[in-house]
Number of protein chains: 2
Amino acid sequence: MRITRATEYAVRCILFLAVNGKGEVVGRKEIAKYMEIPGQFLGKIAQQLAKAGLIEIVQGAKGGYRLLVSPEKISLLNAVEAISGEIFLNDCIMRPASCRRSATCSVHCLWERARTQLRNTLGEVNFAKLMEGESCFGPLEGSSRQGR
Amino acid sequence: MRITRATEYAVRCILFLAVNGKGEVVGRKEIAKYMEIPGQFLGKIAQQLAKAGLIEIVQGAKGGYRLLVSPEKISLLNAVEAISGEIFLNDCIMRPASCRRSATCSVHCLWERARTQLRNTLGEVNFAKLMEGESCFGPLEGSSRQGR
DNA sequence: ATAAATAAGATTTTTTTTATCCTATATTGG
DNA sequence: CCAATATAGGATAAAAAAAATCTTATTTAT
């Protein structure tokens with residue numbers, strides 16, 4: 001029930017690239033150093049981000065990574081799911097066939113509901129906002145208020 | 001980013017106890033059989049549920065588990081957190097000291113926001129509702145709010 | 001060509017999760 | 001009281017997932 005470190009690293013990486021400007025190539029080592037990400041591990045993560053179309057990997061000397069998509073068009077959800085795959089809170093939702101209960105069991109509807117909500121929340125915030133540090137100030141609407 | 005099997009088992013266990021009536025003692029093996037939970041593993045899970053005050057463990061012949069709290073007073077969140085501890089989506093929220101960024105980093109505000117929302121969602125549904133199978137019918141309003 | 005980078009596959013290490021084994025203890029019924 | 005039935009609880013094992021690293025290959029700037 002936790003966001004993996006790989007995902008956290010991916011978010012940091014995108015954020016760093018965003019801060020450095022969309023088209024700019026930034027070296028892997030530089031990103032790793034400033035964002036405190038194990039260098040080789042970042043390499044693996046970058047591969048996934050590239051596969052998802054979020055960044056481009058530039059090889060060779062002076063190589064590195066380049067953000068392909070504007071920060072405002074990348075949601076936190078995009079980043080998370082680029083690394084961990086689509087969010088599912090439990091197995092039964094993903095593989096209904098593997099659980100005889102799913103058709104009748106109301107619990108699974110709940111998991112699914114929670115899942116949808118979580119994905120919506122993460123989908124609402126983009127990296128432009130994150131860069132501005134404004135993410136904390138928006139109201140959290142809905143019945144079970146907890147503002148902030 | 002997934003609900004563990006232990007948590008799923010705990011939910012099934014509570015649900016089974018709830019269906020059998022609040023005060024009733026139900027044998028561990030019976031629960032395990034009907035809810036398809038490895039018997040010994042259920043024993044471990046029951047210990048945690050007992051520690052959380054949700055059930056009572058009855059030893060000896062004719063022993064088993066007894067629901068101590070009315071189904072309508074047990075939320076899904078109670079069940080989840082009885083097993084996995086309080087939900088945190090990432091480490092930095094839980095141990096801010098371990099992450100130098102947390103004070104300034106807007107990303108963490110987002111994780112926290114998502115976390116609060118998830119906890120609210122799970123907190124809004126109790127086992128009485130789950131028993132009735134009504135959980136699927138509540139509207140999930142708008143993309144950002146989700147009242148109810 | 002050489003140096004500087006990253007790629008990509010394989011592998012290792014660590015952590016978490018899941019499950020089981022074994023001995024102890026409690027309870028029921030005869 | 002005794003035997004049978006159940007769960008408790010600590011220890012341990014097995015499996016899976018996550019995190020990290022090693023190695024060799026490839027690409028690019030100068």
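Residue numbers begin at 1 in each chain, while the letters A, B, ... track the order of the sequences.
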Quick one: does any side-chain atom of B:Q48 pair with a main-chain N or O of B:I83 as donor and acceptor, under 3.5 Å?
yes
Rounded to whole Å, the OH-P distance (A:Y9 to D:dA18) equals 14 Å
Taking only the side-chain nitrogens and oxygens of A:R5, find out if one of them lies under 4.0 Å from OP1 or OP2 of D:dA20.
yes
*Contact class for A:A6 vs. all strands (heavy atom < 4.0 Å): base, sugar-phosphate, or nothing?*
sugar-phosphate
ask   = Checking A:R28 against A:Y65: charged group under 6.0 Å from the ring centre and within 45 degrees of the axis?
value = no
- Would you classify B:K29 as touching base, sugar-phosphate or nothing, given that sugar-phosphate means primed atoms plus P, OP1 and OP2, and contacts are heavy atoms under 4.0 Å? sugar-phosphate
In this structure, CG of A:L54 is separated from CG of A:L49 (nearest 0.5 Å) by 6.0 Å
Atom CD1 of A:I3 and atom P of D:dA19 are separated, to the nearest Å, by 12 Å
Per atom distances to the A:R28 side chain, the nearest of D:dA19, C:dT18, C:dA7 is C:dA7
Margin query: On the six-membered ring of A:F88, is B:R2 placed so that its NZ or CZ lies under 6.0 angstrom from the centre and within 45° of the ring axis?
Written below: no
Here the distance between atom P of D:dT7 and atom CD of B:Q48, to the nearest Å, is 18 Å
Backbone N/O of B:E112 and side chain of B:T116: donor-acceptor pair under 3.5 Å
yes
Between CD of A:Q40 and C1' of C:dT13 the distance, given in whole Å, is 15 Å
Regarding the side chain of B:F41, the nearest nucleotide among D:dA19, C:dA7, C:dA19 is C:dA19
To the nearest angstrom, the CZ-P distance between B:R2 and C:dT17 comes to 10 Å
**Item:** Short side-chain to backbone donor-acceptor contact, B:R12 and B:M35, under 3.5 Å
**Value:** yes
Review point. On a plain distance test, is the side chain of A:K44 in donor-acceptor contact with the base of C:dA8 below 3.5 Å?
Key: yes
Out of D:dA18, C:dT6, D:dT7, minimum distance to the side chain of B:Y65 belongs to D:dT7
Under a 4.0 Å heavy-atom cutoff, the residues of residues 54-64 of chain A touching DNA chain D are A:Q59, A:G60, A:A61
Judged by nearest nucleotide, the residue sitting upstream toward the 5' end of DNA chain D, B:Q47 or A:T7, is B:Q47
note: A:L17, atom CG; C:dT6, atom C1'; distance rounded to Å ~ 14 Å
Rounded to whole Å, the CZ-C1' distance (B:R66 to C:dT27) equals 13 Å
Contact class for A:G27 (heavy atom, under 4.0 Å): base, sugar-phosphate, or nothing?
sugar-phosphate
Separation of C:dA8 atom C1' from A:I45 atom CD1, nearest Å, is 15 Å
Quiz item: Are B:R119 and B:E81 close enough for a salt bridge, meaning some N to O gap below 4.0 Å?
Solution: yes
For C:dT16, does OP1 or OP2 lie under 4.0 Å from any side-chain N or O of B:T4? no
Parallel, tilted or perpendicular, as decided by the 30° and 60° cut-offs, for the rings of B:F16 and B:Y34:
parallel
